[in-house]
A.B. asks: 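Pasting a structure here, questions to come.
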Amino acid sequence: MDMGLLVLAVVAALSGIGQADVVVSPSGSDGNPGTEEQPVATLERARTLLRTQGGGTAWLRGGTHHRTTPLILTAEDSNTTWRGWPDEEVRITGGRVVTGFRPLQTRPGVYSVDLRSQGITDFGRLTPRGFGRPIRPAALELFFRGEPMPPAAWPNAGWAYTSAAPGGPDGGQFSVNTSRLARWVDEPDLWVHGYWTWDWADSYEHVAGIDVERRILKTDPPHGVYGYAAPRRFRVLNALSELDQPGEWYLDRAAGVLSFWPPAELRDGDVIVSLLEGPLVSITNAANVRLLELTLEVTRGNGVEIRGGRECVVAHCILRNIGNTAVTISGGAGNGVEDCDISQTGDGAVTASGGDRRALTPSAHFVTGNNIQRFSRWVRTYRPAVSISGVGQQVLRNRIHHAPHMGIALSGNDHLIEGNDIHTTAWETADVGAFYMGRDWTWQGNVLRANFFHNQGNGDVNSVYLDDCASGTLVEGNIFHRAGRSVFIGGGRDNTVRNNLFIDGNPAVEVDARGLTWAYRWFNGEDPTLMDRLKQMPYKTPPWSERYPKLVNILDDEPAIPKGNIVENNVSWLGRWQRLRDWTEKWVVLSNNWTETDPGFVDAARNDFRLREDSPVYAAGFVPLAYEDLGDTGDVVNYRLEAVAGTTPGKLRLVVENLGRTAAAGEILLWAWPEQVQAGDGAPVHFDLDPAAKLTRELEVRGVAGLTEYWVGARRRGDDVRPMGLRVTPPK
């Protein structure tokens, strides 16, 4: 079946669910028959009744359905629906409400409670996690009124920076120029989180020892993903001595005592901690299982796991406060996540893999119509909102926003990424793409169409990043506004960038020939990754040779040269149009691109970038965009610090811009490093901006005398994303 038709068929099926077969209520009894008047109490009893009758619907009444183990559904549970009762909030949770907090007399604002007295004894374990490391369940977390609270950490607003790496990258230690180390000596389980070498690789490391006199922190192996370097940004966490602001908490695992500084008045039911390490729901080798109109929340592991099977769907659900990933799909066909609200996941939001790459058989999995925000809460890199792999999946009409790193990551073949609104991603990292794929010639036939990329992070960021020789991709009919490098082709071949609208790109299109420069090792045998991945696929025989004919003779056609890239019929306004590096102007085909004059927007002064019907670009051959009516993109705020030209190093400028189509308000918090540096007067900067409005504030930076470098940064209150600081090097 065509993938688009399959999606429509599943949606139609969802709207045609029949009568209530089994009713489940937290106040029911498993001795009941499961009627509306006499509901059962547990999901397991409902599962047994549905199996007996060969399928049907389990209607879940409002309230909280507590889980201490996953709800396990198998092939026996095919053709069943698990659905929330209309107009009632149905919560399936792997957490536990904590009550009985008492104020600490020695620490104003802080409350404590003995968890063991409430039967909570499994606190989980903090473990090394991050880039390149396996995904493990989170340890116990604390949520207050539905929001995750941060463990006690330092610094509060921004970052500290390493000052040296004694013993070199693999020495297992780093120094930091602060006297606070003396406060941490007695911390029993101190951790550090940082970007230790690269701004696209973060990790958590356990502190093994502290040398207060030399200001050195020593860590347990593996000592950072790529070892330690300086100056690199990091934070200290899980420190009772740093519990110094509302929202922070600390768990003394030996005593079982939880300390918490609530950000508002503490009431019964406000605090819940995560306990379940498995998924809330596990579906294996089943067909036509649906989870509808449920809130799935508070687990240390995944929200929903779907393995194998077909046409299993999570739709119209809220998934939040998940320790790992909201929904994982592996294998099977036609499984999907649709019209869900997903937020505050410790890792990514949705991962989907399936299909047979050697045979190029599609899986037809789909991720459509979801609102995905504030994900990658624990591991900050390579945990995107949507990660797809395999063959023939669709990522359609999702809103993806407010994240430290990638929005969508792709591997495999013949995927469609269409109609998505992706903004305010890549806000904590660098050398990153809001959409990313790379280092495999065989990932061919993928299409990015009619997406809206805007307000990606400041600095070395991209919207569409075809990294490390990614090839055979069509980028067509998209809109890019203030989107960094809008499209970056990193040494790949046979990519087509066609009929896109670029506004204020930096640049709109960039191409390099890295195979001829720093990546030459991929082609001389020193690093065989690219070649090995090519050899793993039958690219010289059908169906590969028929589907991707340009791949057949790639090794005989100067493979290090990025041939076959076409950039045609695009419109670019403001910013920089293109940058062709490493002699690529000899190979890139530039054709019929509109780059000189205003293309004629409806109301660019209010960030309305629809083209007028009389736009001159249409006469020049530009095809009307399918996604011109951008709709409500939500809160889209750009903020950054800039050096003020012609002034002393002690003056910077804060710029806050509303890049959205609705008013936006909030506060910007400023931070600086080293500790003696202060940016501004220490007060938050409030903004209240109409669409396209801008606030600028010049800041005096004090405490910099004698420093060879310092950092000043900005962070939006209420957002856990911590952008990199602006590095300032005063002239000698």
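Sequential numbering from 1 along the given sequence is applied to the chain's residues.
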A.B. asks: Asp512: what forms a side-chain hydrogen bond (donor to acceptor under 3.5 Å, both in side chains) with it, not counting sequence neighbours?
C.D. replies: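 For Asp512, the residues satisfying side-chain hydrogen bond (donor to acceptor under 3.5 Å, both in side chains) (neighbours in sequence not counted) are Arg514.
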A.B. asks: Out of Asn569, Val588, Val511, Asn570, which residue meets the side-chain contact (heavy atoms from CB on, under 4.5 Å) rule with Val497?
C.D. replies: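 With Val497 as partner, side-chain contact (heavy atoms from CB on, under 4.5 Å) holds for just one option, Asn570.
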A.B. asks: Among residues at least two apart in sequence or on other chains, which ones pass side-chain hydrogen bond (donor to acceptor under 3.5 Å, both in side chains) with Thr381?
C.D. replies: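 For Thr381, the residues satisfying side-chain hydrogen bond (donor to acceptor under 3.5 Å, both in side chains) (neighbours in sequence not counted) are Asp202.
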A.B. asks: Which is it for Asn413 and His415 under the side chain to side chain contact (heavy atoms under 4.5 Å, CB included) test, yes or no, and what are the steps along the way?
C.D. replies: CA-CA 6 Å; Asn413 300 75; His415 302 302; 5.8 Å; no
A.B. asks: Does the side chain of Asp494 pick up a donor-acceptor pair with the side chain of Tyr548 at under 3.5 Å?
C.D. replies: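 No - no donor-acceptor pair under 3.5 Å links their side chains.
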A.B. asks: For His193 and Tyr204, take the angle between the two ring planes, folded into 0 to 90°, and tell me which bin it lands in: parallel under 30, tilted 30 to 60, perpendicular over 60.
C.D. replies: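 Parallel.
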A.B. asks: Restricting to side-chain hydrogen bond (donor to acceptor under 3.5 Å, both in side chains), what partner residues turn up for Thr529, sequence neighbours left out?
C.D. replies: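 Thr529 satisfies side-chain hydrogen bond (donor to acceptor under 3.5 Å, both in side chains) with Asp527 only.
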A.B. asks: With side chain to side chain contact (heavy atoms under 4.5 Å, CB included) as the test, would you mind laying out the steps for Phe453 and Asn478 before giving the verdict?
C.D. replies: CA-CA 8 Å; Phe453 293 92; Asn478 303 280; 4.3 Å; yes
A.B. asks: Could you measure the distance from the CG atom of Asn458 to the CG atom of Asn506? Nearest 0.5 Å is fine.
C.D. replies: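 Here the rounded value is 10.0 Å.
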A.B. asks: Between the side chains of Tyr195 and Glu428, is a donor N or O closer than 3.5 angstrom to an acceptor N or O?
C.D. replies: yes
A.B. asks: So, are Arg67 and Glu297 salt-bridged, with charged N and O less than 4.0 Å apart?
C.D. replies: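 Between Glu297 and Arg67 there is no salt bridge, as every charged N stays at least 4.0 Å from the carboxylate O atoms.
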A.B. asks: Should the pair Tyr465 and Phe488 be assigned to parallel (<30°), tilted (30 to 60°) or perpendicular (>60°) ring geometry?
C.D. replies: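 Because their plane-to-plane angle is under 30°, the rings of Tyr465 and Phe488 count as parallel.
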A.B. asks: If you define the side chain from C-beta out and look only at heavy atoms, does anything of Trp587 sit under 4.5 Å from Pro562?
C.D. replies: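 The answer is yes; the side chains approach within 4.5 Å.
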A.B. asks: Do Ser203 and Glu205 meet the criterion of a side-chain donor-acceptor pair at a distance under 3.5 Å?
C.D. replies: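 The criterion, which ignores hydrogens and geometry beyond distance, is satisfied for Glu205 and Ser203.
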A.B. asks: Hey, what's the ring geometry for Trp522 with Trp518, parallel, tilted or perpendicular (30° and 60° as the breaks)?
C.D. replies: perpendicular
A.B. asks: Have a look at Val464 and tell me which of Asn451, Ile489, Leu448 forms a side-chain contact (heavy atoms from CB on, under 4.5 Å) with it.
C.D. replies: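 Option passing the side-chain contact (heavy atoms from CB on, under 4.5 Å) with Val464: Leu448.
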A.B. asks: Salt bridge check: are Asp421 and Arg397 linked by an N-O gap of less than 4.0 Å?
C.D. replies: no
A.B. asks: Between Thr473 and Asn446, does the side-chain hydrogen bond (donor to acceptor under 3.5 Å, both in side chains) criterion hold? Intermediate values first, please.
C.D. replies: CA-CA 5 Å; Thr473 299; Asn446 299 296; 4.7 Å; no
A.B. asks: Would the number of heavy atoms belonging to other residues, nucleotides or ligands and lying under 6.0 Å from CZ of Arg125 be above 12?
C.D. replies: no
A.B. asks: Answer whether the closest heavy-atom distance between the side chains of Leu296 and Ile318 falls below 4.5 Å.
C.D. replies: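 They are not in side-chain contact.
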A.B. asks: Just by distance, no angles: are the side chains of Thr442 and Asp440 close enough, under 3.5 Å, to form a donor-acceptor pair?
C.D. replies: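 Their side chains do contain a donor-acceptor pair, which is all the 3.5 Å distance test asks for.
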A.B. asks: Does any pair with a residue in residues 351-374 pass salt bridge (Lys or Arg N to Asp or Glu O under 4.0 Å), and if so which ones, sequence neighbours excluded?
C.D. replies: none
A.B. asks: Do Val589 and Asn565 have side chains that get closer than 4.5 Å, going by heavy atoms?
C.D. replies: no
A.B. asks: Looking at Arg300 and Glu277, does any basic side-chain N land under 4.0 Å from a carboxylate oxygen?
C.D. replies: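 Salt bridge flag = yes for Glu277 with Arg300.
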A.B. asks: Ion pair present between Arg377 and Asp347, side-chain N to carboxylate O less than 4.0 angstrom?
C.D. replies: no
A.B. asks: I need the minimum non-hydrogen distance between Phe143 and Pro148, along with the two atoms involved.
C.D. replies: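 Closest pair (atom of Phe143, atom of Pro148, distance): CD2-CA, 3.4 Å.
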A.B. asks: Please determine which of Gln456, Arg485, Glu510 meets the side chain to side chain donor-acceptor pair (under 3.5 Å) test together with Asn462.
C.D. replies: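 With Asn462 as partner, Gln456, Arg485, Glu510 yield a single side chain to side chain donor-acceptor pair (under 3.5 Å), made by Arg485.
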A.B. asks: From Asn324 CG over to Ile322 CD1, what is the distance, rounded to the nearest 0.5 angstrom?
C.D. replies: 9.0 Å
A.B. asks: I'd like to check the side-chain hydrogen bond (donor to acceptor under 3.5 Å, both in side chains) partners of Trp82; sequence neighbours left out, ordered by chain and number.
C.D. replies: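 With neighbours one apart ignored, the set is Thr80.
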A.B. asks: Does the gap between the ring centers of Trp198 and Tyr382 come in under 6.0 Å?
C.D. replies: no
A.B. asks: Sequence neighbours excluded and cut-off under 3.5 Å, please list the side-chain donor-acceptor pairs for residues 550-559, or say none.
C.D. replies:
| from | atom 1 | to | atom 2 | distance (Å) |
| --- | --- | --- | --- | --- |
| Asp557 | OD1 | Lys563 | NZ | 2.8 |
| Asp557 | OD2 | Arg493 | NH2 | 2.9 |
| Glu558 | OE1 | Lys563 | NZ | 2.7 |

A.B. asks: Do His365 and Gln394 have side-chain heavy atoms sitting under 4.5 Å apart?
C.D. replies: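 No; the side chains remain at least 4.5 Å from each other.
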A.B. asks: Strictly by modelled atom types, are Thr368 and Glu338 linked by a side-chain donor-acceptor pair under 3.5 Å?
C.D. replies: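 Yes, a side-chain donor-acceptor pair sits under 3.5 Å.
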A.B. asks: Would you say the side-chain atoms of Arg290 and Asn288 include a donor-acceptor pair closer than 3.5 Å?
C.D. replies: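 Looking only at side-chain atoms, Asn288 and Arg290 do form a donor-acceptor pair, the distance falling under 3.5 Å.
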A.B. asks: Is it the case that over 12 heavy atoms from other parts of the model lie below 6.0 angstrom from the CZ atom of Arg310?
C.D. replies: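 No, not enclosed.
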A.B. asks: Working to the nearest 0.5 angstrom, can you tell me the gap between Leu43 CG and Ile92 CD1?
C.D. replies: 5.5 Å
